[in-house]
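Each remark here refers to the structure printed beneath this line.
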Amino acid sequence: MKIPILDLSVQHLQIADEIAAAVTRVLGSQKFILGPEVRELEQELAQYCSCAEAIGCASGSDALLLALMACDVGPGDEVITTPFSFFATVGSIVRLGAKAVFVDIDSATFNMDVSQVQSAMTKRTKAILPVHLFGQCAEMETINELARNANMRVIEDAAQAIGAEYRGRRAGSLGEIGCFSFYPSKNLGGAGDGGLLTTNDSELAETLRILRTHGAKQKYYHERLGINSRLDSLQAAILRVKFRYLDQWADARRANAKRYRELFRDAGLGSSDYVQLPVESDGSVHVYNQFVIRARDRDRLKAWLAERGVGTEIYYPVPLHLQACFKDLGYKNGDFPESERAALEALAIPVYPELSANAQTYVVETISSFYRAA
Ligand SMILES: *Cc1c(COP(=O)(O)O)cnc(C)c1O
């Protein structure tokens with residue numbers, strides 16, 4: 001059996017005709033930058049995320065950058081986030097000349113350990129940037145409360161969490177600005193790079209629209225120092241097709257997650273010393289962009305699975321406080337033990353919507369055989 005970590009080709013075959021029609025429509029219009037397709041997508045996704053406004057941009061990384069720019073984050077400012085995320089979460093902060101201040105993650109959810117946020121706050125803290133890692137929302141109630149009392153902004157890195165819910169509310173509507181990515185491997189993935197910002201604050205929305213087009217509201221009159229970060233019409237048209245399937249695909253991911261739990265339990269591995277399964281917090285709807293287990297002897301298990309045709313991925317092998325490019329932040333090994341342990345134990349196994357029950361059985365059997373052989 002050959003089971004990749006993600007197989008987008010099966011999904012594409014189901015919607016290939018609709019995608020082709022959407023692409024043809026845009027080519028016929030010869031409108032490629034922003035335009036009506038982007039506006040339609042923005043409206044559909046604003047509504048989906050229960051936000052007043054959505055603003056398309058060129059990538060999830062740019063969404064983070066634009067969100068911080070709109071909050072006037074710059075030199076001398078601090079932004080609190082976690083070191084167990086994709087690079088862009090912290091890259092966006094540091095690129096603006098601000099300082100990334102880390103707090104460790106919660107061992108159960110891999111999300112920000114909110115009990116550590118207060119002690120990381122200083123007079124210079126401008127914003128808190130929680131990540132909804134792997135498709136589950138961070139503990140937003142505590143984060144919002146801390147931020148409100150200290151007059152700080154909350155920006156959600158919701159790149160992996162479109163459709164995820166926290167106490168009945170959707171990711172992207174929980175802080176001041178939500179940042180989404182349409183990178184092909186995300187739950188709503190385009191045919192290239194793309195991103196989106198959501199907000200309920202019309203003033204912030206206006207600022208974000210200006211910032212994504214070189215800081216100009218009226219062409220060639222630049223009020224602010226912006227960037228070029230627009231969503232392509234072609235991407236928007238393709239994303240609008242895929243958006244119609246988003247909930248159905250998220251349901252399939254959740255069903256796969258549930259089946260894994262049963263299979264691991266039946267194999268006697270569910271909550272063993274060998275394997276720990278992802279934890280769903282109370283009041284949260286997980287969208288399983290990734291199904292990440294903790295595994296004993298992770299690297300050898302990964303190799304064992306690869307030899308037997310099962311693709312896995314390590315998100316993330318090096319916590320951000322230990323990345324070479326962030327060494328000026330002055331952190332060292334041992335500073336964030338939970339993030340460092342997660343980097344050694346975490347292993348994403350296939351969970352994509354089209355994954356068959358047989359394939360899942362094979363994945364769990366292969367993991368089981370590794371520990372029996374050990
Ligand atoms: C994918 C991702 C990003 C960046 O999105 P791009 O569209 O690839 O730039 C940011 N943060 C997290 C947590 C992500 O998973």
Determine, for [X] against [Y], whether the closest basic-nitrogen to carboxylate-oxygen distance falls under 4.0 angstrom.
X      : Y      : value
Asp7   : Lys2   : no
Asp299 : Lys302 : no
Glu42  : Arg240 : no
Glu141 : Arg167 : yes
Glu345 : Arg296 : no
Arg259 : Glu262 : no
Arg244 : Glu18  : yes

Co-membership, hydrophobic cluster, residues [X] and [Y], 4.5 Å side-chain:
X      : Y      : result
Met1   : Val351 : yes
Phe86  : Ile93  : no
Leu96  : Val131 : no
Val101 : Val154 : yes
Met152 : Leu204 : no

*Could you walk me through whether Ser59 and Phe182 pass the side chain to side chain contact (heavy atoms under 4.5 Å, CB included) test, one step at a time?*
CA-CA 7 Å; Ser59 69; Phe182 302 129; over 6 Å; no

*Mind checking the OG-CG spacing from Ser185 to Leu6? Nearest 0.5 Å is all I need.*
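CG of Leu6 is found 6.5 Å from OG of Ser185.
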
*Given the rule in the side chain to side chain contact (heavy atoms under 4.5 Å, CB included) test, do Phe32 and Asp232 qualify, once you have shown the distances and angles that lead to the verdict?*
CA-CA 6 Å; Phe32 294 121; Asp232 291 342; over 6 Å; no

So, [X] side chain and [Y] main chain: donor-acceptor pair closer than 3.5 Å or not?
X      : Y      : value
Arg224 : Ala216 : no
Arg294 : Ser107 : yes
Ser181 : Tyr183 : yes
Gln160 : Phe134 : yes

For the [atom1] atom on [X], are there more than 12 heavy atoms of other groups (residues, nucleotides or ligands in this structure) within a distance under 6.0 Å?
X      : atom1 : result
Leu225 : CG    : no
Gln47  : CD    : no
Gln14  : CD    : yes

*Stepwise, does the side chain to side chain contact (heavy atoms under 4.5 Å, CB included) test hold for Arg254 with Val287?*
CA-CA 7 Å; Arg254 267 192 295 274; Val287 292; 3.9 Å; yes

*When the aromatic ring centroids of Tyr331 and Phe326 are compared, is their separation below 6.0 Å?*
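Ring centroids of Tyr331 and Phe326 are no less than 6.0 Å from each other.
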
*asked:* Suppose we call two aromatic rings close when their centres sit under 6.0 Å apart. Are Phe291 and Tyr260 close by that rule?
replied: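 Yes, close enough.
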
*Taking the side chain as every heavy atom from C-beta outward, state whether Val23 and Leu234 have any pair of such atoms under 4.5 Å apart.*
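The answer is yes, as the side chains (C-beta and beyond) meet within the 4.5 Å cut-off.
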
*asked:* Could you tell me if the side chain of Leu347 sits less than 4.5 Å from the side chain of Leu305, heavy atoms only?
replied: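 Yes, their side chains come closer than 4.5 Å.
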
*Take Leu355 and Ile3 through the test side chain to side chain contact (heavy atoms under 4.5 Å, CB included) and record every step on the way to the result.*
CA-CA 8 Å; Leu355 186 69; Ile3 308 166; 3.6 Å; yes

*Quick one: do Asn111 and Asp106 satisfy side-chain hydrogen bond (donor to acceptor under 3.5 Å, both in side chains)? Show the steps, please.*
CA-CA 6 Å; Asn111 280 331; Asp106 175 67; over 6 Å; no

*Passing option when Glu78 is tested against Lys126, Arg153, Lys123, Arg124 for salt bridge (charged side-chain N to carboxylate O under 4.0 Å, His left out)*: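 Filter result, single survivor: Arg124.
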
*asked:* Suppose we screen for ring pair (Phe, Tyr, Trp, His ring centres under 6.0 Å). Which residues come up paired with Tyr166, at least two apart in sequence or across chains?
replied: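 With neighbours one apart ignored, the set is empty.
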
